[in-house]
Amino acid sequence: MEYRDTLNLPNTDFAMRANLVEKEPRIIEKWKDIDIYNYVQNQRAGCPTFVLHDGPPYANGDIHIGTAMNKILKDIVVRYKVLQGYRSPYVPGWDTHGLPIEHKVTTMLGAKAKTMSQMEIRKACEEFARQQIEVQKKQFQRLGVIGDWDNYYATLKPEYEYKIYEVFAKLVEGGYVYRAKKPVLWCHNCRTALAQAEIEYHDHVSPSIYVKFKMRDCDEFIVIWTTTPWTLPGNTGIAVHPDHQYVKVLVNGEIWILAEKLLESVMNELKVDQYRILETFNGKLLDGKVALHPLFERESRIIAADFVDMETGTGCVHIAPGHGEEDYEYGHLVHRLDVLSPVNEEGVFTDEAGKYAGIHIDKANRLIIDDLQAVGALVKEAKISHSYPHCWRCKKPVIFRATEQWFVSVEKNNLRKTVLEHIDDVMWIPSWGKNRISAMIQERPDWCISRQRVWGTPIPAFKCNDCQEVILDPVIIHHFANIVREKGTNAWFELSAQELLPQGYTCRKCGSENFSKMYDTLDVWIDSGCSFEAVLTTRPELTFPADMYLEGSDQHRGWFNSSIMLSVVKHNTAPYRIVLTHGFIKDEEGKKMSKSLGNVVDPLEVCSKYGADVLRLWLASSDYFNDIRISQNIILQQVEVYKKIRNTFRYLLGNLNDFSESDAVRFEKMLPVDKWALGRLQQIIKSVTEAYESYEFSRVYNILVRYCSVELSAVYLDIVKDRLYVEAKNSLQRRSAQTVLYHILRSLLVMLSPILAFTCEEGYEHFKSQKMKYDSVQVERWPEYHEEWIDKQIMTDFDELMKVRDQALKSLEEVRQAGLIGHSLDAKLLIKSNSQQTLDLLRRYSEYLEEFFIVSLVEVGNSDSELEIEVQKAVGEKCDRCWKYHPLTGTDQQFPNTCPRCARVLRAQKG
RNA sequence: GGGCUCGUAGCUCAGUUGGUGAGAGCGCACGCCUGAUAAGCGUGAGGUCGGAGGUUCGACUCCUCCCGAGCCCA
């Protein structure tokens, strides 16, 4: 007779081999079929809410590992909150305007782009952006992310754009918006502003000139160096380093001022061998002194700025706030030097440039150098070849040119201070995030919100054709907002100024009714920064403020920053309660990923090779608050861990095959080992819940992985195997263990489902024969923590017993190595101790010791030492059914080669 | 160059307010089992806690500097 067939062996359809690559897409189909997002929302109708507001990724190109991480983290949070009983709506969104798309689209269009109207370019950009959204949407769904994918938000949707204007109108009403000059990169050949991304660097030969400026109050000269003589008409200052030494040197009877560090190289360059240092002093002392412009009747103020370079030049830097970024930042924003921009959009000097008016800057260098020579200010002229920015389209050198831009004032109405106060009310995780964003708000200059781009949200400003007044009026903005709501922002390009203005609108300055549209667009950070208004306050299912924003730590300067600024202006509150940030993904060595290094890991490739759950598991294993690492090896490690978890599920499912809730054994009646295991489960539930509550998913991972592989697989499941297989189906011994397995499986499926979204769903489907109630594990309830299931005495007893077990395993291994036994059931254990406490402990559990140690017999006795474990070959014959040794095995008439226990079970089974 | 962050076994992570001999899981090595079997079990080997100073009776834990890495700026 095959006794094997009389055992209760595990049985389940839950395959050992995951085959996630095929299975996951099928689960995604199932989620579609049951409309998982709305199913979950309906199940949680009326529940308290937890709103995680999605920060919009840029709709351009396939998702990369970083965007995948961000979305998965959000998904984990949302799934966890739902399991905790929250209604947690998740509306994904996309950022769609701006340069990268415009750039890409015009590049794809090639020469054709030049023949297209702004409107046609915009249409092409929109089409492209919408395609990208569809692509990314599929990819995010492949990762297992649940959200309202059918009703996503996007900054190009008219209803969104409309809200941008609501916020913008508020900014204008509040007096935050002003117009001022700021240098932007400019191509005078294409007559357009350029973004940093539209610049190429090539070598270029420029003049290199040293110029001396006479000091106003004494007969000394400060010497500057520049490679752009044409910017001298824009000079309003000279910068020196506050922490470096400067010298006054006597050269040819003149006193020159320059940096000590550069003195030698300058003198070398100027071929001056006769000079004498008269004085050495700190650069700080020059701060505030005044020099005289050599070509204009104008002063040039000396300022202290620590960006001053001590490698090239003279250490005294010519500052033209209209022609350079640093010149502007330090010269104008910090030291309030005038911003002169005497150059028009074609690169021709304007009247502001005095005698140079009408001359093209390309021809001005020569003229200016000659003039400097004539007035005796030129110290030296040479040529220099250096890397210089060029236009990406026409390949010509570009310039910095100050143009009129729109700004948001950070000081108006105490905005900066108010924002800082609201930062205080937000919970920043990790906590240093608060310091980081505070510092950024503290230091940020006024916000330049205008861009000279086509693909963006138009700034509805007009210019009076009669008096040239520039008009940005809340009345117009509201009026235009309503047009946008219907027709989208394309209306700005499609309709005439008259059609866009409220009826009878007249110029506040001259009363004219003749206006022209202006064509600046808004900085895209305004677009996305308005999402609280366009999404949170607009959608009935959401709340404002959101409970959480969750993005990479680069968003302290980006989205968190723009959002809180705008939210404080609009609603006088932060738009979020919690801001959670994650780090960036690096390769195995901790290096940044880049195509050139060839260390890029593609999340979609991981999905198609190993499965999204492996990717999700990897993420959960990492301490994502900081930078984390990924590589083939690291993924392969997670594959192993995944298998372990999967097999644990499979074994639990297999052993619960014939169990239903009605078979459950009450706690009081359970066997001690089972009580202990159930108690351990409670402790696990508690610590896992705490870890999730603090968003420390790597702790969740560590606790549960250790739980599955050590406590369950290696200990409890191994111990309980004998009972489950051998005892009668309905026996208390077996049902007691199954009851615990049932709780363990249910808890594991639920607690791991935020991470292993697919596998837990699959496991849940197989578990559903146990009368689970829902269509998806996603709407199950978080396992309850039953403190009353932690029997203190049993817990401490088993802590002690585990120590004895460790010792016993070592002894067993020694004997195994000696070749005396193979399986531990071949052995008999003699556990001896001189401690009454230990002896009492062992005797208290005497009936369970064999199963606990997984041996055929345990005897307890006295010894001289604290603990002594002797291993002997078990006495008697090996039972054909349960493989344990027993002296009476083989004595039963009816069931040969069985032990008394098995014979008893078999008799009962037959009867 | 500035602000912020990180650097513990091959890999991923723990290490409370400084205090007995630095831990876990995976992987690896060796062995067992063949009724979780492309599974399961056991034992074991792996770390001068990035480096150098300093504070202290005592530091992986505090301070300084250096090296390496990242984000944001310049």
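Comparing the P positions of B/rG53 and B/rG18 gives an interatomic distance of 23 Å, to the nearest angstrom. Only the P atoms considered, B/rG10 is 7 Å distant from B/rG47, to the nearest whole Å. Annotation: B/rC4 and B/rC41 have their P atoms spaced 48 Å apart (nearest Å). B/rC65 and B/rG25 are spaced 36 Å apart, taking the C1' atom of each and rounding to whole Å. To the nearest whole angstrom, the two C1' atoms, one in B/rG19 and one in B/rU12, are 29 Å apart.
In summary, the aromatic rings of A/Y610 and A/W618 are positioned with their centroids too far apart to meet the 6.0 Å limit. Ring pair A/W559/A/Y549: centre-to-centre distance below 6.0 Å.
With respect to A/Q738, the side chain to side chain donor-acceptor pair (under 3.5 Å) criterion is satisfied by exactly one of A/N8, A/N657, A/D658: A/D658. Across A/I869, A/I854, A/L829, a single residue satisfies side-chain contact (heavy atoms from CB on, under 4.5 Å) together with A/L812, and that is A/L829.
Applying the 5.5 angstrom centroid cut-off and the 30 degree plane-angle cut-off, the aromatic ring of A/Y725 is not stacked upon the base of B/rG35.
Among the atoms of the strands shown, only primed sugar atoms or phosphate atoms (P, OP1, OP2) are found under 4.0 Å from some heavy atom of A/N435. Contact annotation for A/W883: base contact, defined as any heavy-atom pair under 4.0 Å involving a base atom.
Looking at A/R436, its side chain comes within 3.5 Å of the base of B/rC71 through a donor and an acceptor atom.
Looking at the side chain of A/F584, the nearest of the listed nucleotides B/rC71, B/rC73, B/rC26 is B/rC71.
A 3.5 Å limit on both hydrogen-bonding distances identifies B/rG42 as the Watson-Crick or G-U partner of B/rC30.
B/rG46: glycosidic angle within 90° of 0, hence syn.
Per the geometry, CD belonging to A/E640 stands 12 Å off C1' belonging to B/rA39, to the nearest Å.
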